[in-house]
Amino acid sequence: MTTVAQKKRLGLSPWLLLAPSTVLLVLLFGWPLVQGVLAAFQDEGGAFTLANWQRLFGDPYFGEALLNTLLLIVIVVPIQLVLSVGMTLLIQSKPKLAGLHFYIWAIPLAISDLAAGLVWLTVFADRGYLNSLLIGLGLSENGIAWLDYDNPTTMLLAVVVAEIWRATSMVFVIVVAGVQMMPPDYDEAAQVFGASAWQRLWHVTLPLLKPSLQVALILRTILALQAFAVAQALTGRNFPLLVGETYQWYVNLQNPAVASAVALVILALSLGTAILYMRALRQPSSGGAR
């Protein structure tokens, strides 16, 4: 017979196992978060104030950085998702050298953000490879100032292309893992009943991929909110982003309070998009037997 003391010990066991990781999370994330919130709403004397937020909202770079960050998410994330699903379907069709295709497409995972930005800087610079190609083909006389301050559209294009090249592989790997975990019975049954490739994709593959797509979208959107090094290498502050503004306020302007306010804006956007994705892609709860 199990004694009362043994039952208590068994009930405490999960909490004891979770205790080390919980303490680590509190120390690494909880305490810095509390410090950041306090810094954003306190003045130098420790009194409550909204002056840091007023200074942030009055900064002309903040609105531009917020708009650029949201544009980057709206443009890059859907393109990367579509490309990743297409690349995964191509791998699943088992073409020749399918394994080689997978490793080639996953190469950008091993490249740091800054290195990727420098690589694409050699492409989009005034005397870069792209302008050399355009001049060589006679399509432009002096090339195009892709990264010039007066050309915000081409700056956005350059950052979007670099981000798509750099981070699509991460979404691709997650989608491939999701497809490999899917039972083949559903797709085979759909083929038996005469479903077309598009119908199988829309009604079988994508619904079964919802958990993987949810994870990929949340991770990619959060990382897009944190994009900084690629844009910094390509454009400097001519194309400001939110994380870049955090760096500017903390390092260059020596104002940790306003930097904390920008970080809280990024946190709020991250939590908001994560909740949105989870609600939009949540699996319907299965009811019990009746």
Side-chain angles (χ1 to χ4, degrees), residues 59-84 87 103-135 140 143-174 216-253 259 262-263 265-267 269-270 273:
D59 180 27
Y61 280 102
F62 174 73
E64 189 177 355
L66 179 61
L67 177 62
N68 289 339
T69 302
L70 295 178
L71 278 175
L72 204 60
I73 293 171
V74 171
I75 296 172
V76 168
V77 175
I79 293 176
Q80 289 182 325
L81 187 64
V82 172
L83 285 176
S84 299
M87 292 157 64
Y103 287 115
I104 290 176
W105 289 338
I107 284 176
L109 279 175
I111 300 176
S112 68
D113 297 3
L114 183 58
L118 294 175
V119 167
W120 283 97
L121 180 62
T122 64
V123 175
F124 287 107
D126 291 343
R127 296 185 179 181
Y129 294 117
L130 184 54
N131 277 338
S132 298
L133 178 62
L134 294 176
I135 295 171
S140 176
I144 300 173
W146 300 97
L147 305 177
D148 191 83
Y149 179 81
D150 296 328
N151 296 330
T153 303
T154 57
M155 280 195 298
L156 174 62
L157 175 64
V159 176
V160 164
V161 170
E163 277 291 313
I164 289 174
W165 177 84
R166 182 190 66 83
T168 299
S169 54
M170 184 194 72
V171 183
F172 167 63
V173 170
I174 295 174
L217 283 171
I218 291 174
L219 287 177
R220 186 61 198 104
T221 302
I222 291 174
L223 291 176
L225 283 167
Q226 298 174 2
F228 168 57
V230 171
Q232 183 71 18
L234 285 172
T235 65
R237 210 182 180 190
N238 292 337
F239 188 83
L241 295 172
L242 286 177
V243 172
E245 289 308 292
T246 305
Y247 175 83
Q248 290 291 336
W249 282 104
Y250 191 86
V251 177
N252 294 336
L253 301 178
V262 183
V265 172
I266 299 172
L267 176 63
L269 290 174
S270 301
T273 53

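A quick note: this is a predicted structure, and the numbers were derived from the prediction, not measured.
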| message | Quick test of your reading: applying side chain to side chain donor-acceptor pair (under 3.5 Å), list the pairs with at least one residue in residues 143-156, sequence neighbours left out, ordered by first then second residue. | response | Asn131-Trp146
Residue list, side chain to side chain contact (heavy atoms under 4.5 Å, CB included) with [X], at least two apart or on another chain:
| X | answer |
| --- | --- |
| Val160 | Leu72, Ile75, Val76, Leu156, Ile164 |
| Gln248 | Arg237, Glu245, Asn252 |
| Leu109 | Ala106, Ser169, Met170, Val173 |
| Thr246 | Ala259, Val262, Ile266 |

Find out whether [X] and [Y] are in side-chain contact, i.e. whether some heavy atom of one side chain is under 4.5 Å from a heavy atom of the other.
| X | Y | answer |
| --- | --- | --- |
| Thr273 | Ile218 | no |
| Val230 | Trp120 | no |
| Leu217 | Leu81 | yes |

| Evaluation steps, side-chain contact (heavy atoms from CB on, under 4.5 Å), between Leu66 and Leu242 | CA-CA 6 Å; Leu66 179 61; Leu242 286 177; 3.9 Å; yes
| message | Check whether Thr235 reaches the backbone of Asn238 with its side chain - one donor and one acceptor, N or O, closer than 3.5 Å. | response | no
| query | Is Ser140 reaching over with its side chain to a backbone N or O of Leu134, donor-acceptor style, under 3.5 angstrom? | reply | no
| Under 30°, 30 to 60°, or over 60°: which ring-plane class applies to Tyr247 and Phe228, parallel, tilted or perpendicular? | tilted
| message | Suppose we screen for salt bridge (charged side-chain N to carboxylate O under 4.0 Å, His left out). Which residues come up paired with Asp113, at least two apart in sequence or across chains? | response | Arg166
| Worked verdict on Leu147 versus Leu121 for side-chain contact (heavy atoms from CB on, under 4.5 Å) | CA-CA 9 Å; Leu147 305 177; Leu121 180 62; 3.6 Å; yes
